[in-house]
**Student:** 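The structure is given below, and queries will be raised subsequently.
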Amino acid sequence: MTNTLKAGVMGDPIGHSLSPRLHRFWLKKHGIDGTYEPFHIKPEDLKEALKSLHKRNIKGVNLTIPHKEAAMGFLDEIDDKARKIGAVNTVIVKEDGRLLGTNTDGDGFYNHLKQSSTFKAEGRAAVVIGAGGAARAVLAALLSAGILKVTLVNRTKSRAENLQKILGDERIKIADWSDRASILKKCDLLVNATSLGMKGQPDLDLDLKFLPSTSIVYDIVYTPLQTKLLKEAKLKGCQTTDGLGMLLHQACGGFRAWFGGTPKVDEELREYMLKALEE
Ligand code: NAP
């Protein structure tokens, strides 16, 4: 039997995934005898594909659209992070073949925020725009980091209220979409967790006149890297953080679990991944 460590990513479609490029970069960098493959898995085949990982000697997989929620029904254990986020993006095959599901999106967001800015959660107030899967990961991370208050604002208010209910934390306050500019008055951290600003989507329509210049502005969109929101925030003198770092940091947990080593997110990796985004 070969000692090559094997992992991959399951999705449908899968051709767009940047994960193989990312993990192969780290494998080479660390001199690890390992492989990371894209697996095109249709929803009806997901259960079997996950169950077969152990006998195929695969250490684990990332999950992408449309498997992140569905997989929760096919795993043996789901950790607290995945439960809070309501989705699994990383599966680890244990020695005895049991499948553990976790979610590294919240850690990816928060670790990148810490690496790229002076943000400290304690005693601070954040505004999060959006109420989809990404917003849920951002909220879960901020709450577990000890944020004082998070104001959640979403075009469809009922989705924000639903998230508030699911997470059940009184530090989450809901604001009306029409008040999204005025709630920025007391905001230490502003996060765009919608798809607005992404290539092919309209820009986020947000007036920053009330935003203090001491605020940190984080856009989880990474195509383009410099969204209109980030450009305007920079002009105000705010620290800004783009979404590519979250994408790179969220991959660290899986890499450590499957291959060992200490993957780093640095300029060399960012440049290497940016080339793929530009292709
Ligand atoms: P999602 O579940 O589909 O949620 C989309 C969000 O965008 C909702 O809050 C939606 O509001 C809002 N939205 C969409 N169009 C809008 C419009 N015209 N006006 C106002 N609000 C609008 O998507 P998701 O999975 O949370 O992902 C959101 C974005 O995050 C995507 O661009 C994704 O690529 C990015 N993302 C980045 C990373 C990273 O690593 N950097 C990780 C995950 C996701 P409604 O509820 O009103 O529709």
Side-chain angles (χ1 to χ4, degrees), residues 9 11 13 16-19 21-23 62-70 81-82 84-90 102-113 115-116 127-142 150-167 172 174-181 190-207 217-230 240-255 265 269-270 273-274 276-277:
V9 54
H16 68 286
S17 174
L18 294 172
S19 296
R21 182 176 173 101
L22 172 54
H23 284 276
N62 284 123
L63 298 173
T64 186
I65 292 169
H67 301 320
K68 288 183 177 192
E69 282 109 27
K81 286 180 182 169
K84 283 223 164 73
I85 297 172
V88 166
N89 74 347
T90 304
T102 184
N103 194 310
T104 59
D105 275 343
D107 285 347
F109 160 77
Y110 200 69
N111 289 339
H112 178 51
L113 179 62
Q115 190 189 58
S116 60
V127 170
V128 174
I129 306 182
R136 186 163 166 177
V138 166
L139 274 177
L142 289 174
V150 188
T151 305
L152 185 59
V153 60
N154 191 50
R155 175 182 61 175
T156 311
K157 194 176 178 186
S158 57
R159 279 189 89 190
E161 288 167 339
N162 191 37
L163 216 48
Q164 180 192 41
K165 203 166 137 198
I166 291 170
L167 290 170
I172 304 175
I174 308 292
D176 285 328
W177 185 244
S178 55
D179 292 336
R180 63 194 182 282
L190 167 63
V191 183
N192 173 35
T194 71
S195 43
L196 293 170
M198 201 170 115
K199 207 166 142 192
Q201 295 278 328
D203 287 321
L204 172 65
D205 174 20
L206 181 63
D207 188 340
V217 180
Y218 194 124
D219 201 331
I220 69 161
V221 167
Y222 54 85
T223 46
L225 272 192
Q226 290 304 308
T227 57
K228 179 169 171 270
L229 171 68
L230 292 189
T240 61
T241 301
D242 64 63
L244 180 60
M246 175 173 172
L247 182 79
L248 306 181
H249 277 278
Q250 64 76 30
C252 293
F255 189 91
V265 177
L269 176 64
R270 269 180 72 91
M273 295 305 292
L274 269 175
L277 287 174

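In listed order, ligands and their atoms are each counted from 1.
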**Student:** Nearest 0.5 angstrom please: Leu152 CG to Asn162 CG, how far?
**Tutor:** 10.5 Å
**Student:** So which bit of Tyr222 gets within less than 4.0 Å of ligand 1, heavy atoms only: side chain, backbone, both or neither?
**Tutor:**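 Only the side chain of Tyr222 comes within reach of ligand 1.
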**Student:** Is a donor on one side and an acceptor on the other found under 3.5 Å between the side chain of Asn103 and the backbone of Lys81?
**Tutor:** no
**Student:** Would a 4.0 Å cut-off, counted as strictly less than, catch a protein heavy atom around atom 36 (N) of ligand 1?
**Tutor:**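 Yes, at least one protein heavy atom sits under 4.0 Å from atom 36 (N) of ligand 1.
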**Student:** Just need the protein heavy atom nearest to atom 30 (O) of ligand 1, so name the residue and atom and give the distance.
**Tutor:** Ile220 CD1, 3.0 Å
**Student:** Would you say Gln115's side chain and Val265's backbone share a donor-acceptor pair under 3.5 angstrom?
**Tutor:**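 Present.
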**Student:** If you take all heavy atoms of His23 and Ala251, which pair is closest and at what distance?
**Tutor:**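 Scanning both residues completely, I find the closest heavy atoms to be CE1-O, 3.6 Å.
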**Student:** Name the closest protein heavy atom to atom 11 (O) of ligand 1, giving the residue it belongs to and the distance to 0.1 Å.
**Tutor:**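 The protein heavy atom lying closest is Asn154 OD1, 3.2 Å.
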**Student:** From the options Thr104, Val138, Asp205, Thr156, select the one whose nearest heavy atom is closest to atom 47 (O) of ligand 1.
**Tutor:** Thr156
**Student:** Tell me, please: is Pro202 in heavy-atom contact with ligand 1, that is, under 4.0 Å?
**Tutor:** no
**Student:** What are the atoms of ligand 1, with element, lying closer than 4.0 Å to any heavy atom of Gly243?
**Tutor:**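 Here the atoms of ligand 1 in question are 39 (C), 41 (N).
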**Student:** Tell me, yes or no, whether the heavy-atom count around Lys84 atom NZ, taken from other residues, nucleotides or ligands under 6.0 Å, exceeds 12.
**Tutor:** no
**Student:** Is it true that Trp177 lies under 4.0 Å from ligand 1, counting heavy atoms only?
**Tutor:** yes
**Student:** Check ligand 1 against Gly130 and write out every atom of the ligand that is under 4.0 Å from a heavy-atom position of the residue.
**Tutor:** 9 (O)
**Student:** Geometry only, no angles: is Ala131 polar-contacting ligand 1 at N/O separations under 3.5 Å?
**Tutor:** yes
**Student:** Looking at every heavy atom in both Leu163 and Gly132, which two are closest together, and how far apart are they?
**Tutor:**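 Nearest heavy atoms, Leu163 then Gly132: CD2-O, 4.5 Å.
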**Student:** For atom 26 (O) of ligand 1, which protein heavy atom lies nearest, and how many Å away is it?
**Tutor:**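 Sorting protein heavy atoms by distance from atom 26 (O) of ligand 1 puts Ala134 N, 2.8 Å first.
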**Student:** Considering all protein heavy atoms, does one lie under 4.0 Å from atom 41 (N) of ligand 1?
**Tutor:** yes
**Student:** Could you check whether Asp105 pairs with Arg136 (Lys NZ or Arg NE/NH1/NH2 to Asp/Glu carboxylate O, under 4.0 Å)?
**Tutor:** no
**Student:** For ligand 1, does Leu244 get within less than 4.0 Å through its side chain, its backbone, both, or neither, judged by non-hydrogen atoms?
**Tutor:** neither
**Student:** In the protein, what heavy atom is nearest to atom 5 (C) of ligand 1, and what distance, to one decimal place, separates them?
**Tutor:** Ser195 OG, 4.2 Å
**Student:** For the residue pair Gly106 and Ala141, what are the closest heavy atoms and their distance?
**Tutor:** O-CB, 3.4 Å
**Student:** Tell me whether the count of non-hydrogen atoms from other residues, nucleotides or ligands lying under 6.0 Å of CD1 in Ile65 goes above 12.
**Tutor:** no
**Student:** Strictly distance-based, threshold 3.5 Å: is any side-chain N or O of Asp219 a donor or acceptor partner for the main-chain N or O of Asp242?
**Tutor:** no
**Student:** Are the side chains of Arg180 and Asp205 in contact, using a 4.5 Å heavy-atom criterion?
**Tutor:** yes
**Student:** Which heavy atom of the protein is the closest neighbour of atom 7 (O) of ligand 1, given with residue, atom name and distance?
**Tutor:**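 For atom 7 (O) of ligand 1, the nearest protein heavy atom is Thr194 CB, 3.3 Å.
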**Student:** What's the shortest distance from atom 20 (C) of ligand 1 to any protein heavy atom, and which residue and atom give it?
**Tutor:** Leu196 CD1, 3.3 Å
**Student:** Using a strict 4.0 Å cut-off to heavy atoms of Arg159, name the atoms of ligand 1 that fall inside it.
**Tutor:** 2 (O), 8 (C), 45 (P), 46 (O), 48 (O)
**Student:** Looking at atom 48 (O) of ligand 1, what's its closest protein heavy atom, distance included?
**Tutor:** Arg155 NH2, 2.8 Å
**Student:** Could you list the atoms of ligand 1 found under 4.0 angstrom from a heavy atom of Gly132?
**Tutor:** 2 (O), 4 (O), 9 (O), 26 (O)
**Student:** In terms of atom number and element, which parts of ligand 1 are under 4.0 angstrom from non-hydrogen atoms of Ala193?
**Tutor:**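 This gives 28 (C) as the contact atoms.
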**Student:** Distance to 0.1 Å, residue and atom name: give those for the protein heavy atom nearest to atom 32 (O) of ligand 1.
**Tutor:**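 Of the protein heavy atoms, Met198 SD, 3.0 Å lies nearest.
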**Student:** Distance from Leu113 atom CG to Met246 atom CE, nearest 0.5 Å?
**Tutor:** 11.0 Å
**Student:** Is there side-chain contact between Phe255 and Leu22, with at least one heavy-atom pair below 4.5 Å?
**Tutor:**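 When only atoms from C-beta onward are counted, Leu22 and Phe255 do not touch, as no gap falls below 4.5 Å.
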